[in-house]
Protein chains: 2
Amino acid sequence: MSEEDLGALLARATRRLLKEEQPLLAAQELSMWAYIVLSRLASSPAETQLSLAGEIGYDKSRLIGLLDGLEGEGLLRREPDPADRRAKIVALTALGQARYEAARLAIREMEMRLLDGVEETEIVRLRQLLAGLSAE
Amino acid sequence: MSEEDLGALLARATRRLLKEEQPLLAAQELSMWAYIVLSRLASSPAETQLSLAGEIGYDKSRLIGLLDGLEGEGLLRREPDPADRRAKIVALTALGQARYEAARLAIREMEMRLLDGVEETEIVRLRQLLAGLSAE
DNA sequence: TATTGTTATACTCTATAACTATA
DNA sequence: TATAGTTATAGAGTATAACAATA
């Protein structure tokens, strides 16, 4: 019984990736959670802050301050939903979209550097297996 | 630019694995950090608490309470090093070894269940790639 | 003077509860 | 009455500093 736990292997790889991402995000003046929020909003606005919190696995009360900061920097907007005046639609601004794409690009290049020498088909399979492991 | 970040994929897979491990560890009355300590000690004792802390990436001051608990349960011993009376050698007891192996076995079975249907050679390759990503 | 184990302290992150305004 | 956003508070987890014993 000497093979390492899969969980430990995954945890270490994750830690490594996050560590490599840190300086790239800092260069865009983004925290990890800020980047996660921008990632989620890049494809489409969030209906409510509550749904946004749920989708990214973040607490709705902590989300407030995070959005305050991002809105203050002009990276996103909170628009009151005309259909439900309690709710706010959260959407990226053009600046936010650009900032996200810059961070994303830097991260993508870092990932390719880490996987240098690995066949494209193997990377695809790796992604498949990771997605499969994530599925509940 | 629609492919998901590798870091995000890894983070989700890790979260899933740790979530699945939780009840298995609880059944052995072990916390995640306790299991990590036992894992490290299973192969050989630690020279000092400081080196143990460094090896598992845990704070040396927090390690104290954790070891106190494990020692109280009789899962490990702290023996003063005859060569350096400041240091304490940390080693598993037979009970600790057994407890570790029980947890390890349950986790191994859970991992196999999650990877059910995946070819053995692919699992080997997955482990290789994860180890490669972890290496500094 | 430096290091090991330890304790105490401060800080960050996270979760919970309570409040308001709308529905 | 229930829900969205917000604020305040409490808790867990983590990091930092200081201390006694030994090197």
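We name chains A, B, ... by the order of the sequence lines, and we start the count at 1 in each one. Treat the numbers as computed from the prediction; the structure is a model and nothing was measured.
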Does anything in residues 27-53 of chain A reach DNA chain C, meaning a heavy atom under 4.0 Å, and if so which residues? A:Trp33
Charged N-O contact under 4.0 Å between B:Glu109 and B:Arg113: no
Could I get the full list of side-chain contact (heavy atoms from CB on, under 4.5 Å) partners for A:Pro80, not counting sequence neighbours? none
Among residues at least two apart in sequence or on other chains, which ones pass side-chain contact (heavy atoms from CB on, under 4.5 Å) with B:Leu24? B:Ala106, B:Ile107, B:Met110
Extract, from 5' to 3' on DNA chain D, the first and final nucleotides lying under 4.0 angstrom from some heavy atom of chain B. D:dT14 to D:dA23
By the side chain to side chain donor-acceptor pair (under 3.5 Å) test, which pairs, at least two apart or in different chains, include something from residues 22-38 of chain A? A:Tyr35-B:Asp5
If two hydrophobic side chains count as joined below 4.5 Å and joins carry through other members, does B:Leu50 share a cluster with B:Leu67? no
Can you give me every donor-acceptor pair (side chain of residues 86-93 of chain A, partner residue at least two apart or in another chain, under 3.5 Å) with its distance?
from, atom 1, to, atom 2, distance (Å)
A:Arg86, NE, A:Asp84, OD1, 3.2
A:Arg86, NH2, A:Asp84, OD2, 3.0
A:Thr93, OG1, A:Gly74, O, 2.6
A:Thr93, OG1, A:Leu75, O, 3.1
A:Thr93, OG1, A:Leu95, N, 3.4
A:Thr93, OG1, A:Gly96, N, 3.0

By side chain to side chain donor-acceptor pair (under 3.5 Å), which residues pair with A:Arg62, not counting sequence neighbours? none
Give a yes or no on whether the backbone of A:Arg78 and the side-chain of A:Glu71 come within a donor-acceptor separation of less than 3.5 Å. yes
With a 4.5 Å heavy-atom cut-off, do B:Arg40 and B:Ile36 have their side chains touching? no
I'd like to check the side-chain contact (heavy atoms from CB on, under 4.5 Å) partners of B:Arg12; sequence neighbours left out, ordered by chain and number. A:Ser134, B:Glu4, B:Leu9, B:Arg15
Which residues share a side-chain contact (heavy atoms from CB on, under 4.5 Å) with B:Ser61, sequence neighbours left out: B:Asp59
With sequence neighbours left out, the residues meeting side chain to side chain donor-acceptor pair (under 3.5 Å) with B:Gln128 are B:Arg125
If you take any heavy atom closer than 4.0 Å to DNA chain C, which residues from residues 13-21 of chain B end up in contact? none
Please list residues of residues 54-87 of chain B whose heavy atoms come under 4.0 Å from any atom in DNA chain D, ordered by number; otherwise none. B:Asp59, B:Ser61, B:Arg62, B:Asp84, B:Arg85, B:Arg86
